Amino acid sequence: MSVKSTAARSSRGGAKRRGGAGRKPELVQLLTPEGERVEHSEYSIDLTPEELRGLYRDMVLTRRFDGEAVTLQRQGELGLWASLLGQEAAQIGSGRATRPDDYVFPTYREHGVAWTRGVDPLNLLGMFRGVNNGGWDPNQNNFHLYTIVIGSQALHATGYAMGVAKDGADSAVIAYFGDGASSQGDVAEAFTFAAVYNAPVVFFCQNNQWAISEPTERQSRVPIYQRSAGFGFPGVRVDGNDVLAVLAVTRAALEHARSGEGPMLVEAFTYRMGAHTTSDDATRYRLDEETAEWAAKDPIARLKTYLANEGIADDAFFAEVDAESDALAKRVREGVRAMPNPDPMAIFDNIYADGHALVDEERAQFAAYQASFEGSEEGAAR
């Protein structure tokens, strides 16, 4: 039996054992996979045609530069890339729900959220090319640097939110993490502190069904959004492929936090259409039928159908967005290849504010090592 079929059978078995009992979790949805607008008793949204077109544009452009990044990695221009393919609605909807004075703590896949916060895609790609350590000032966009360590940003966000509360600021904090990270102790500790201190933080879990090769059923015995109840704050599950529902739910959650009601957990039920990262092979543990099922729920296609059917956007608009995405892809492609290599000595800068004897010694040793290559064949190759 192949690895793929074994993993798939194990996944389906786990789902049957754990999902067979109890009622089906409620899923907040405002736009069906067929592009039909529906209402929800608790969450609603009223957007202008311009705002609706803007959400479509955001998702298309984000998907395009994300796909370009995957191609660049395959060509050896990036060391690694974590694609967001399939999760555009979860990221654009939640990102557009934030206010400029809110603070965002991402993981390493929130390229769409970064887009909504005004972070240039080239800054994201520069980090994965290895020419910078993030490339943007977190305080300029209220968008923290990417966090590679799984789950730790939930603690960072909680601490920041506790500070926001002490300052009496009228703002909220949002922390992103995946379904796999929900098993980390850092996330549980963040939930505890956020609840006890009534911190104005929204925990936004993008449940894309797979923590690398482990399905969600092996991460939790209950739906993720229900786990917040054990810590004393509310949770909600939203259709993560429905940009309208994500926007409505996240807006409400952030307002809940700002108004002094404490933390809230949002589970965006979505799907990672690509591999975990470019170093992963998802075909070894996922069934093609599962991927095809989720492809039919594509977040961009459903919004496009709605815009066209309601006369909110026409062919000229869609063509314009496609042309803009082509231009963005070209800028990203050319920009990445033109990035200069960093000064090797820069790794010793900004470690201590006033300098440090040990760092000075290490800098001198490394400088001597670099100088030993000057004039040699190795040095010429560099």
Side-chain angles (χ1 to χ4, degrees), residues 50-96 106-132 134-136 141 143 145-146 176 206 208 241 243 270-280 282 291 294-295 298-305 307-308 313-341:
E50 183 179 3
E51 289 172 325
L52 289 166
R53 289 190 294 267
L55 292 173
Y56 176 83
R57 173 182 175 271
D58 285 337
M59 290 195 291
V60 170
L61 295 182
T62 298
R63 176 173 290 187
R64 185 57 189 273
F65 80 71
D66 174 73
E68 194 65 32
V70 173
T71 300
L72 286 166
Q73 193 282 330
R74 297 308 190 203
Q75 295 172 344
E77 301 291 349
L78 303 178
L80 186 74
W81 185 252
S83 175
L84 59 66
L85 182 63
Q87 299 177 222
E88 294 87 358
Q91 296 196 15
I92 296 301
S94 60
R96 287 301 180 199
T107 61
Y108 48 80
R109 200 189 301 273
E110 275 67 58
H111 319 314
V113 183
W115 173 265
T116 68
R117 301 300 292 186
V119 177
D120 193 309
L122 282 173
N123 284 331
L124 305 178
L125 275 67
M127 185 184 74
F128 289 95
R129 187 174 173 84
V131 302
N132 63 47
W136 64 89
N141 307 81
F143 185 79
L145 296 177
Y146 272 9
Y176 289 85
Q206 291 180 84
N208 62 21
N241 286 19
V243 68
T270 182
Y271 193 79
R272 167 169 56 80
M273 292 300 297
H276 178 70
T277 69
T278 47
S279 65
D280 172 44
T291 306
W294 279 92
D298 182 79
I300 295 178
R302 73 169 70 179
L303 182 59
K304 182 177 182 179
T305 298
L307 295 179
D314 54 18
D315 290 342
F317 167 77
F318 296 128
E320 179 183 345
V321 173
D322 288 342
E324 187 179 2
S325 70
D326 289 340
L328 176 61
K330 180 181 179 181
R331 181 172 75 84
V332 166
R333 184 166 56 250
E334 294 177 349
V336 166
R337 291 171 175 161
M339 289 178 179
N341 292 327

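Predicted, not measured: the structure shown is a model, and the values here were computed from it.
- For residues 315-325, the set of pairs meeting the side chain to side chain donor-acceptor pair (under 3.5 Å) definition, not counting sequence neighbours, comprises R57-E324.
- Qualifying side chain to side chain donor-acceptor pair (under 3.5 Å) partners for D58, counting only residues two or more places apart in sequence or in other chains: R96, W115.
- Within the structure, salt bridge (Lys or Arg N to Asp or Glu O under 4.0 Å) contacts touching residues 109-127 (residues at least two apart or in different chains) are D120-R331.
- Here Y176 pairs with S94 under the side chain to side chain donor-acceptor pair (under 3.5 Å) rule; sequence neighbours left out.
- With sequence neighbours left out, D326 forms a side chain to side chain contact (heavy atoms under 4.5 Å, CB included) with R64.
- Counting heavy atoms from C-beta on, the side chains of V70 and S83 come closer than 4.5 Å.
- For the side chain to side chain donor-acceptor pair (under 3.5 Å) test, no residue two or more places apart in sequence or in another chain qualifies with T305.
- In this structure, the separation between OG1 on T62 and CD on Q87 is 12.5 Å, given to the nearest 0.5 Å.
- Contact of the N241 side chain with the D298 side chain is not registered, since no non-hydrogen atoms from C-beta on lie closer than 4.5 Å.
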Exercise for review: Take L122 and M339, measure what side chain to side chain contact (heavy atoms under 4.5 Å, CB included) needs, and give me the verdict at the end.
Suggested key: CA-CA 9 Å; L122 282 173; M339 289 178 179; 3.9 Å; yes
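- The ring-ring contact (aromatic ring centres under 6.0 Å, His included) check on Y146 picks up H111, W136, with sequence neighbours excluded.
- For R53, there are no salt bridge (charged side-chain N to carboxylate O under 4.0 Å, His left out) partners at least two apart in sequence or on another chain.
- T270 and N208 share no donor-acceptor pair across their side chains, judged by distance under 3.5 Å alone.
- Partners of T291 by side chain to side chain donor-acceptor pair (under 3.5 Å), not counting sequence neighbours: none found.
- A pairwise comparison of heavy atoms in L145 and G134 identifies CD2-CA, 3.9 Å as the closest pair.
- Here the shortest heavy-atom pairing between A282 and A275 reads CB-CA, 4.1 Å.
- Distance CD1/I92 to CG/L303: 11.5 Å, rounded to 0.5 Å.
- Legend: salt bridge (Lys or Arg N to Asp or Glu O under 4.0 Å) pairs involving residues 76-89, not counting sequence neighbours, sorted by first then second residue: R63-E88, E77-R129, E77-R337.
- The aromatic ring centres of Y56 and F318 sit less than 6.0 Å apart.
- Looking only at side-chain heavy atoms (C-beta outward), D280 and R272 come within less than 4.5 Å of each other.
- The closest side-chain heavy-atom distance from L72 to F128 is not below 4.5 Å.
- Among all heavy-atom pairs drawn from G112 and Q91, the shortest one is N-OE1, 2.8 Å.
- Here the CG-CZ distance, from L307 to F317, works out to 7.0 Å after rounding to the nearest 0.5 Å.
- Residues P299 and G86 come closest through the heavy atom pair CG-O, 3.9 Å.
- With rounding to the nearest 0.5 Å, the separation of OG1 in T71 from CG in D66 is 9.5 Å.
- Rounding to the nearest 0.5 Å gives a distance of 9.5 Å between CG of L125 and CE of M127.
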